[in-house]
Amino acid sequence: MTVLPRPEVSAPQMSIDGEPVSTPSRIEVVDPATAAPFVAVPDAGPEHVSRAVAAAQRAGRVWRALSVEERQKYLLQVVAILRNHLDELASLVTAEQGKPLGRARSEIESGLRYCEAHAQFRIPTELVRDDDEETVVVNRVPLAVTAAITAWNYPVLLMLRKIAPALVAGSTLIVKPSPYTPVATLRAGELLQEVLPAGVVQVLSGGDELGRALVSHPGIGKISFTGSVATGRAIMAAAAPTLKRLTLELGGNDAAIVLDDVDPAEIAADLYWGGLSNCGQVCAAIKRLFVPESLAEDLASALADVAASVVVGDGFADGVDMGPLQNRPQLDLVRSLVADAEQHGAEVYFRGEAPDGPGFFHPVTLVRRVRDDLPLARQEQFGPVLPLFTYSDLDEAIERANASEFGLGASVWAADEERAVAVAGRLEAGTVWVNQHPMLSADTPFGGIKQSGLGVEGSVHGVLGHTDICVLRVKH
Ligand code: NAD
């Protein structure tokens, strides 16, 4: 197996007001495949937040005065410069996140396509009335400044999913990546300074404390957050004193319900990757699989066949399908969820191979006979573990699928599409897919209901989430 060389990273810097900025204290970033630190990044303090907010406000006065089309031209320059550095950025993503290099490239390419789509959107203006007495227009004004705070599973994609709608809407941003995966985001921030006016997109690195400083700063008007439900709740509370606007993309515990007319062999690979791509570290992955009793044995064996072909290893090695988990606490959590389920009668019907440490590798683990009240059924596992639940009555399966505080995604798998759509209509989620899971595209809103989030990203709806309504009423 060939292992490509790891990137040489010297000292990534933050980007504040168009300038590279460092700090004396730095945070070590660990390569999840080796468990060894490979670089240290700046640790921003309150003074950096204040400087960045002031610069974003200054830049915002010019940025919001540009036309949407002018801002979209800048967005296309963002795409161009990042695409020119695709290999470098992908290599950084693999080094800090762990996913195989090809998957890191796909992550960035998908973010760039997302930006390109946003370069085509129009922000609608609604003419309510225009008669002899009055003209009434509903305009949209940008929310400023946006704090964009991201998680560690897709560092570059999540950053781009926040930058694109905010820039189009007319907002300037301060991006704060996860302290686990700040490196590619910082590098992208440096590159963006070459094509954007100073202060339009700034990147600060730091821990959760930096996130707290940003979300409580009175100069921030909008928080665009991707991360856990617990942090989402804390952010909502911190936003209350100044009524900051929020988009919260939070966790999920997506159910997939398989109906009794499917061919297990035909859908097994799609179900498998719907659950376990990116090592299961996907917000809208299949995290609970409901299967009719009559098909359970055949589907389990078809899933095990797919799992047996998956190679787990270093993301820089050739032929690897799945990397390690991104960090040690996540590895510990996934292990404990599986151990707890086994102690309470669950059966691991497939356990794959994974390299021994020191990296955060976890074998592909397929589990059945998991009680609905166990943490593995109720929490998001966010790892390469797929629990299979059987049902004998479809109404009961729907009820169990909906019995969750989460409501991000869900899916129905069936040969009879009409029947599947009817079941889909009864599932509580921001997106319900039929015969696929998950599927996101820039032209379609994506977001969670219940405690999986607030607001959406994607499509014009996502752009409008970076605006307030401002009504103009002219009496004639
Ligand atoms: P996390 O909530 O621990 O951290 C996310 C970010 O928030 C980090 O940058 C962190 O430093 C920052 N942060 C932490 N506390 C903060 C606070 N009080 N105020 C402001 N910022 C704070 O989440 P994570 O463990 O990095 O990410 C995994 C989670 O993200 C999972 O729950 C996953 O489902 C979710 N996720 C959701 C989506 C989506 O689109 N719905 C996409 C990807 C990941």
Side-chain angles (χ1 to χ4, degrees), residues 106-107 110-111 113-114 117-118 121 150-151 153-154 157-158 160-162 164-165 224-229 232 246-259 262 267 270-278 280-290 378-382 386 389 394 397-414 416-466:
S106 310
E107 169 185 336
S110 133
R113 284 196 300 277
Y114 190 82
H118 279 68
F121 293 158
T150 57
N153 56 342
Y154 286 94
L157 175 61
L158 296 181
L160 293 175
R161 286 175 67 86
K162 305 202 170 314
S224 176
F225 170 74
T226 298
S228 63
V229 173
L246 301 173
T247 302
L248 303 175
E249 295 285 354
L250 309 178
N253 194 11
D254 292 11
I257 300 185
V258 173
L259 303 192
V262 300
I267 62 168
D270 286 346
L271 284 175
Y272 178 88
W273 289 111
L276 301 189
S277 66
N278 205 36
Q281 302 163 120
V282 176
C283 52
I286 298 172
K287 292 174 184 153
R288 294 176 294 154
L289 179 58
F290 289 91
R378 304 192 61 78
Q379 258 173 258
E380 59 170 347
Q381 61 272 38
F382 227 60
L386 187 57
F389 303 86
L394 182 57
I398 294 169
E399 203 172 301
R400 288 163 71 197
N402 286 338
S404 170
E405 68 190 32
F406 296 105
L408 192 54
S411 60
V412 186
W413 299 71
D416 179 343
E417 219 175 272
E418 214 173 298
R419 191 166 154 237
V421 169
V423 175
R426 298 172 61 191
L427 293 175
E428 297 166 0
T431 306
V432 185
W433 292 278
V434 170
N435 292 328
Q436 55 181 353
H437 192 149
M439 171 56 71
L440 270 62
S441 49
D443 60 2
T444 308
F446 172 77
I449 62 169
K450 300 205 269 188
Q451 293 186 41
S452 283
L454 196 66
V456 295
E457 288 183 344
S459 80
V460 173
H461 294 284
V463 176
L464 295 183
H466 285 268

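FYI, the numbering just counts along the sequence from 1. Since this is a predicted model, take the numbers as computed values, not measurements.
No donor-acceptor pair closer than 3.5 Å links the side chain of Y154 to the backbone N or O of V282. A donor-acceptor contact shorter than 3.5 Å is absent between the side chain of R400 and the backbone of F389. With hydrogens and angles ignored, the 3.5 Å screen pairs no side-chain donor or acceptor of R161 with any backbone N or O of G458.
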Open item on the list: Could you walk me through whether L440 and Y114 satisfy the side-chain contact (heavy atoms from CB on, under 4.5 Å) test, starting with their C-alpha distance in whole Å, then the side-chain angles of each, then the deciding distance to 0.1 Å, before giving a yes or no?
Closed with: CA-CA 10 Å; L440 270 62; Y114 190 82; over 6 Å; no
Open item on the list: Checking F446 against T431 for the side-chain contact (heavy atoms from CB on, under 4.5 Å) test, could you report, in this order, the C-alpha distance in whole Å, the side-chain angles of both residues, the deciding distance, and whether it holds?
Closed with: CA-CA 7 Å; F446 172 77; T431 306; 3.8 Å; yes
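Surrounding CZ of R419 are more than 12 heavy atoms belonging to other residues, nucleotides or ligands, all under 6.0 Å away. Summarising the local packing, CD of Q436 is surrounded by more than 12 heavy atoms from other residues, nucleotides or ligands at distances under 6.0 Å. Counting non-hydrogen atoms of other residues, nucleotides and ligands closer than 6.0 Å to CD of E405 gives a total above 12.
Expressed to the nearest 0.5 Å, how far CG of L158 lies from CD of E107 amounts to 7.0 Å. Taking CZ of F382 as the start and CG of N253 as the end, the distance is 11.5 Å to the nearest 0.5 Å. Atom CG in L427 sits 5.0 Å away from atom CD1 in I257 (nearest 0.5 Å). Distance check, rounded to the nearest 0.5 Å: CZ of R426 to CD of E399 gives 9.5 Å. One finds the OG atom of S404 at 11.0 Å from the CD atom of Q379 (value rounded to the nearest 0.5 Å). Remark: L271 CG to N435 CG distance equals 9.0 Å, nearest 0.5 Å.
Considering every non-hydrogen atom in both E249 and V456, the closest pair reads OE2-C, 3.6 Å. The two atoms that bring G275 and A285 nearest to each other are O-CB, 3.5 Å, heavy atoms only. Listed here is the closest heavy atom pair of A414 and A420: CB-CB, 3.8 Å. Counting all heavy atoms, side chain and backbone alike, G409 lies closest to H437 at C-CE1, 4.4 Å. Pairing each heavy atom of P445 with each of H461, the nearest pair is CG-CD2, 3.8 Å. Closest approach of L250 and L408 over heavy atoms only: O-CD2, 3.7 Å.
You'll find the side chain of L259 reaches within 4.5 Å of the side chain of V423, heavy atoms only.
Between the side chains of T247 and K162, no donor N or O sits under 3.5 Å from an acceptor N or O. Between the side chains of W413 and S411, a donor-acceptor pair is found at a separation under 3.5 Å.
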